[in-house]
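Note sheet for the following structure.
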Amino acid sequence: MTDWLVDTNVISELVRPRPAAKVVAFLERTSGLHLSVITLHGIAYAADRAPDPVRRAKLTAWLGRLSQQQGDRVRPVGATVAERAGRLRAAADALGRTADPLDALIAATALERNLKLATHNLADFQAFGLDLHDPWA
């Protein structure tokens with residue numbers, strides 16, 4: 001069985017007005033889904049920046065449910081992940097690719113846990129040597 005770290009853009013598809021059918025099918029048929037604390041950060045950020053108060057409340061409530069439902073499948077960033085993320089960014093820099101620190105933390109989490117990464121932003125993670133999958137493809 002393959003376990004997956006699910007990027008923010010994948011899990012957030014569930015709260016879109018018309019979620020992509022391929023993404024919903026991927027999430028429904030796939031067991032072993034994990035989230036990074038970085039994903040929770042991204043959703044909280046998006047919720048608090050939403051200009052529409054109804055959308056803001058919906059995202060905030062969904063974040064609470066998601067956090068509770070995922071429980072022990074929310075992967076933290078500890079010292080080992082942080083150090084590996086720094087090394088991943090340095091390696092990407094050496095290849096001439098600037099890496100976002102949050103993406104490096106997500107990548108390091110996946111690598112440390114031996115998880116595949118499901119994301120729509122393949123280009124953001126290609127320099128990290130991950131096993132990637134785009135659920136939209």
Side-chain angles (χ1 to χ4, degrees):
M1 175 174 64
T2 300
D3 278 11
W4 296 88
L5 187 65
V6 180
D7 196 10
T8 309
N9 55 39
V10 176
I11 199 70
S12 294
E13 191 68 16
L14 294 176
V15 291
R16 295 181 57 83
R18 285 181 290 285
K22 286 184 177 183
V23 177
V24 173
F26 169 79
L27 292 170
E28 287 176 348
R29 76 172 179 266
T30 306
S31 59
L33 298 175
H34 303 259
L35 296 177
S36 167
V37 293
I38 304 301
T39 294
L40 300 182
H41 157 79
I43 295 168
Y45 179 74
D48 282 3
R49 289 184 39 96
D52 175 26
V54 173
R55 177 84 174 144
R56 189 177 321 121
K58 180 181 177 182
L59 287 172
T60 299
W62 177 64
L63 174 59
R65 288 190 310 275
L66 185 64
S67 232
Q68 188 174 39
Q69 289 167 350
Q70 290 299 311
D72 64 348
R73 290 189 173 266
V74 174
R75 300 295 165 216
V77 172
T80 305
V81 168
E83 291 170 16
R84 188 161 192 178
R87 290 188 187 97
L88 289 173
R89 285 184 63 212
D93 284 351
L95 296 173
R97 306 229 11 221
T98 302
D100 180 88
L102 296 179
D103 290 342
L105 288 165
I106 290 170
T109 300
L111 290 167
E112 285 295 317
R113 296 272 184 176
N114 197 30
L115 302 170
K116 289 185 177 186
L117 180 66
T119 184
H120 194 43
N121 299 332
L122 298 177
D124 294 344
F125 294 95
Q126 285 175 337
F128 301 133
L130 291 164
D131 193 353
L132 301 170
H133 173 68
D134 182 351
W136 280 263

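A continuous path of hydrophobic side-chain contacts links Leu63 to Leu14 [ILVMFWY only; heavy atoms under 4.5 Å].
Shown here for Arg113 and Pro76, the closest heavy-atom pair between the two residues is NH2-CD, 4.1 Å. Residues Val10 and Val23 approach most closely at O-CG1, 3.7 Å, considering heavy atoms. Here the closest non-hydrogen pair linking Arg56 and Pro51 is NH2-O, 3.4 Å. In terms of heavy atoms, Ala108 sits closest to Ala85 at CB-N, 3.6 Å. Residues Leu33 and Leu27 come closest through the heavy atom pair CD1-O, 3.8 Å. Taking all atoms of both residues into account, the shortest heavy-atom contact from Val74 to Ser36 is CG1-C, 4.4 Å.
Contact annotation: the side chain of Phe125 approaches that of Asp7 to within less than 4.5 Å [non-hydrogen atoms, C-beta and beyond]. Residues Thr39 and Leu66 fail the side-chain proximity criterion, which asks for heavy atoms closer than 4.5 Å.
Distance check: Thr8 OG1 to His41 NE2 gives 8.5 Å after rounding to the nearest 0.5 Å. The CD1 atom of Ile38 sits 12.0 Å away from the CD1 atom of Ile43 when rounded to the nearest 0.5 Å. For the atom pair Arg55 CZ and Thr60 OG1, the distance stands at 10.5 Å (nearest 0.5 Å). The CG atom of Asn121 sits 7.5 Å away from the CG atom of Asp103 when rounded to the nearest 0.5 Å. Atom CG of Leu40 is separated from atom OG of Ser67 by 4.5 Å, given to the nearest 0.5 angstrom. Between the CZ atom of Arg97 and the CG atom of Asp124 there is a distance of 8.0 Å, given to the nearest 0.5 Å.
When the salt bridge (Lys or Arg N to Asp or Glu O under 4.0 Å) test is applied to Glu83, no partner is found at least two apart in sequence or on another chain. Partners of Trp136 according to the ring pair (Phe, Tyr, Trp, His ring centres under 6.0 Å) rule, which considers only residues two or more places apart in sequence or in another chain, are His120. Residues satisfying the ring pair (Phe, Tyr, Trp, His ring centres under 6.0 Å) criterion with Phe26, sequence neighbours excluded, are Trp4, His133. Partners of Asp131 by salt bridge (Lys or Arg N to Asp or Glu O under 4.0 Å), not counting sequence neighbours, listed by chain and number: Lys116. Residues that satisfy the salt bridge (Lys or Arg N to Asp or Glu O under 4.0 Å) test with Arg84, not counting sequence neighbours, are Glu112. Residues that satisfy the side-chain contact (heavy atoms from CB on, under 4.5 Å) test with Leu122, not counting sequence neighbours, are Thr119, Gln126, Leu132, Asp134.
Atom CG of Asn114 sits in a sparse spot, with 12 or fewer heavy atoms from other residues, nucleotides or ligands closer than 6.0 Å.
Checking each of Leu105, Thr109, Val77 against Val37 for a side chain to side chain contact (heavy atoms under 4.5 Å, CB included) leaves exactly one that passes, namely Val77.
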| request: Take Ile106 and Leu5, measure what side chain to side chain contact (heavy atoms under 4.5 Å, CB included) needs, and give me the verdict at the end. | output: CA-CA 8 Å; Ile106 290 170; Leu5 187 65; 3.8 Å; yes
field: Full working for side chain to side chain contact (heavy atoms under 4.5 Å, CB included) between Trp62 and Ile11
entry: CA-CA 11 Å; Trp62 177 64; Ile11 199 70; 4.1 Å; yes
